[in-house]
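What follows is a single structure, written as structure tokens, with notes after it.
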There are 2 protein chains.
Amino acid sequence: MPRRTDLSDTFCPVGRSAELLGDRAVLLILRDLFFGRRRFEAIATNTGLGPQLVSARLKLMEEQGVVERHAYQERPPRHEYRLTAKGKDLFDVLYAMRNWAERWAYEEGEIVGPAVRYTHRACGADVGTSTVCPGCGEPLRYGDLKGEPSAALKAEQAARAGA
Amino acid sequence: MPRRTDLSDTFCPVGRSAELLGDRAVLLILRDLFFGRRRFEAIATNTGLGPQLVSARLKLMEEQGVVERHAYQERPPRHEYRLTAKGKDLFDVLYAMRNWAERWAYEEGEIVGPAVRYTHRACGADVGTSTVCPGCGEPLRYGDLKGEPSAALKAEQAARAGA
DNA sequence: CTTGTCACTATGATTATCATAGTTACTATC
DNA sequence: GATAGTAACTATGATAATCATAGTGACAAG
């Protein structure tokens with residue numbers, strides 16, 4: 001492609017977000033980071049993206065300040081990637097995407113129950129696909145939720161990690 | 001590129017959403033639709049995307065059931081694009097993107113106040129960047145909010161429409 | 001009968017992405 | 001101490017998506 005138009009100087013907030021988030025690879029990497037995958041290989045394997053793409057996107061995300069590289073051992077040098085505060089604040093976006101997909105992206109009877117079941121740590125309620133806890137009424141934030149992948153999703157991830 | 005991996009059959013809900021939303025053009029078109037731009041030319045002009053891309057993405061979005069084509073006149077045939085219920089339900093995603101950008105994507109002093117100010121129709125409160133109205137405590141949904149673009153954003157859009 | 005508008009489609013240059021293979025720097029095993 | 005393994009990448013070449021620009025068809029207005 002020719003260089004795509006840069007949106008980082010628009011005054012529109014959705015445009016500015018789209019510059020980073022309007023990219024499949026970035027979204028998938030963010031998902032994995034939110035699920036606790038911090039290492040390059042784990043992310044590359046689980047997302048199914050090539051190492052080159054993962055490398056490029058992690059660099060971009062580091063530049064944008066949403067992830068940080070940490071060395072977790074010296075010899076040989078090994079790093080992991082962690083969400084910064086700016087990155088963790090993207091939780092609402094990913095959670096909204098998840099909610100939308102749970103409501104619209106599965107065929108009738110394709111899976112039993114939600115693809116990932118979330119419960120509110122504070123009160124234990126199943127939050128369904130709402131942004132406010134149906135049990136206690138609190139707005140849901142990053143860290144408040146415990147996600148439990150369905151059997152189908154677990155199997156799929158295991159298959160990618162195994163093969 | 002080689003054909004990119006299809007994510008529409010993953011069991012991960014974020015993956016399924018990313019198939020549609022992990023695309024700058026789709027996000028920009030959705031933004032314009034949410035802001036009431038329904039016509040092809042208006043969308044192409046305001047987004048800055050080429051007509052070919054707009055055409056391709058609107059087709060995709062129609063296939064996915066997030067927009068519908070309506071004829072608003074017979075001779076000559078003219079259409080407009082409207083969000084379906086499935087499309088309107090993406091509001092939370094776009095709103096979360098907006099909130100994140102308002103918090104993180106502007107330099108100190110780059111603009112005065114928010115890029116787009118939202119007020120809750122029901123109670124008149126400025127909602128800031130929250131998902132629950134700070135005035136009355138109600139969760140914010142599509143249609144509940146009135147957006148007022150900043151002067152800078154208005155000027156930018158006028159420039160694109162004029163040139 | 002020329003100009004204008006709307007909603008597109010066509011063309012060619014450029015570049016991002018994918019699959020595959022290779023690299024570096026170690027550790028662990030035989 | 002030679003081979004295999006692991007983690008985090010980089011290099012290469014084929015393919016396809018995107019952009020800029022121009023063009024089309026159907027009609028309305030002047």
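A, B, ... follow the sequence lines: proteins, then strands. Residue 1 opens every chain.
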Exercise. Output yes when at least one side-chain N/O atom of Y72(A) is less than 4.0 Å from OP1 or OP2 of dA8(D), else no.
Key: yes
Quiz item: For S55(B) and dA7(C), is the shortest distance between a side-chain N/O and OP1 or OP2 below 4.0 Å?
Solution: no
Exercise. Taking only the side-chain heavy atoms of P51(B) (C-beta and beyond), determine which of dA16(C), dT21(D), dT20(C) contains the nearest atom.
Key: dT21(D)
Exercise. Determine whether the side chains of W104(A) and D89(B) contain a donor N or O and an acceptor N or O closer than 3.5 Å.
Key: yes
Quiz item: Only one of V26(A), I43(A), L20(A), L30(A) clears side-chain contact (heavy atoms from CB on, under 4.5 Å) with R57(A); which?
Solution: V26(A)
Quiz item: Taking the side chain of L49(B) as heavy atoms from C-beta outward, which of dA8(D), dC19(D), dT10(D) is closest to it?
Solution: dC19(D)
Quiz item: Has the side chain of R82(A) got a donor or acceptor atom that lies under 3.5 Å from a matching backbone atom of R38(A)?
Solution: no
Quiz item: Just how far, in rounded Å, is P of dT18(D) from CG of L28(B)?
Solution: 12 Å
Quiz item: Quick one: on DNA chain C, does L53(A) or R78(A) contact a more 5' nucleotide (nearest heavy atom)?
Solution: L53(A)
Exercise. Let me know the distance between CD of Q73(B) and P of dG25(D), rounded to the nearest Å.
Key: 20 Å
Self-check item: Distance in angstrom units between E41(A) CD and dT10(D) P, rounded
Solution: 12 Å
Quiz item: At under 4.0 Å, does any side-chain N or O of R69(A) touch on OP1 or OP2 of dC9(D)?
Solution: yes
Quiz prompt | Protein-nucleotide distance (R37(A), atom CZ; dA8(D), atom P), rounded to Å | solution = 14 Å
Quiz item: Starting at CZ of R38(B) and ending at C1' of dC8(C), how long is that distance when rounded to a whole Å?
Solution: 20 Å
Practice problem: Could you tell me whether the side chains of R103(B) and T129(B) share a donor-acceptor contact shorter than 3.5 Å? | Solution: yes
Exercise. Can you tell me the distance, in whole Å, between the CZ atom of R24(B) and the C1' atom of dT18(D)?
Key: 10 Å
Quiz item: Hey, what do you get for CD (E68(A)) to CD (E62(A)), rounding to the nearest 0.5 Å?
Solution: 8.0 Å
Exercise. Check the distance between dT17(C)'s C1' and Q52(A)'s CD and give it to me in whole angstrom.
Key: 8 Å
Quiz item: Would one find a side-chain N or O of Y81(B) under 4.0 angstrom from OP1 or OP2 of dC8(C)?
Solution: yes
Self-check item: Gap between atoms CD and C1', on E62(B) and dA7(C) respectively (whole Å)
Solution: 14 Å
Quiz item: Think K59(B) has a side-chain N or O under 4.0 angstrom from the OP1 or OP2 of dT9(C)?
Solution: yes
